[in-house]
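As structure tokens, the structure follows; a few thoughts come after it.
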Amino acid sequence: MSARSHTRHDPAESSGVEIQLPWWAIALPAVAFAALLLLILNPVDAHAAGSEPVVTHLLERVQETVQRMAL
């Protein structure tokens, strides 16, 4: 008796699942990328604040908190 050979099906063809992204899932990253690219290309337009940057102040606070918790 001969055994039947099973044919393999490609899972990509048989699944039939189609993924569609909403319009904002493409638009928002594209707009953010364009804004950052413009800032890099023309840094004169990116005006610096006169006082200490907020990010530096925040990182100093985080560092102080971590040091206090380590003691």
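Because only heavy atoms are used, hydrogens play no part in the values below, and waters and symmetry mates are left out as well, while side chains stay in.
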Inset, instruction - Measure the CG-CZ distance between Leu38 and Phe33 for me, rounded to the nearest 0.5 Å. - result: 10.0 Å
Inset, instruction - Find out if a path of hydrophobic residues (ILVMFWY) with successive side-chain heavy-atom gaps under 4.5 Å connects Trp23 to Val31. - result: no
Inset, instruction - Please list, chain by chain and in numerical order, all residues satisfying side chain to side chain contact (heavy atoms under 4.5 Å, CB included) with Pro22, sequence neighbours excluded. - result: Trp24, Ala25
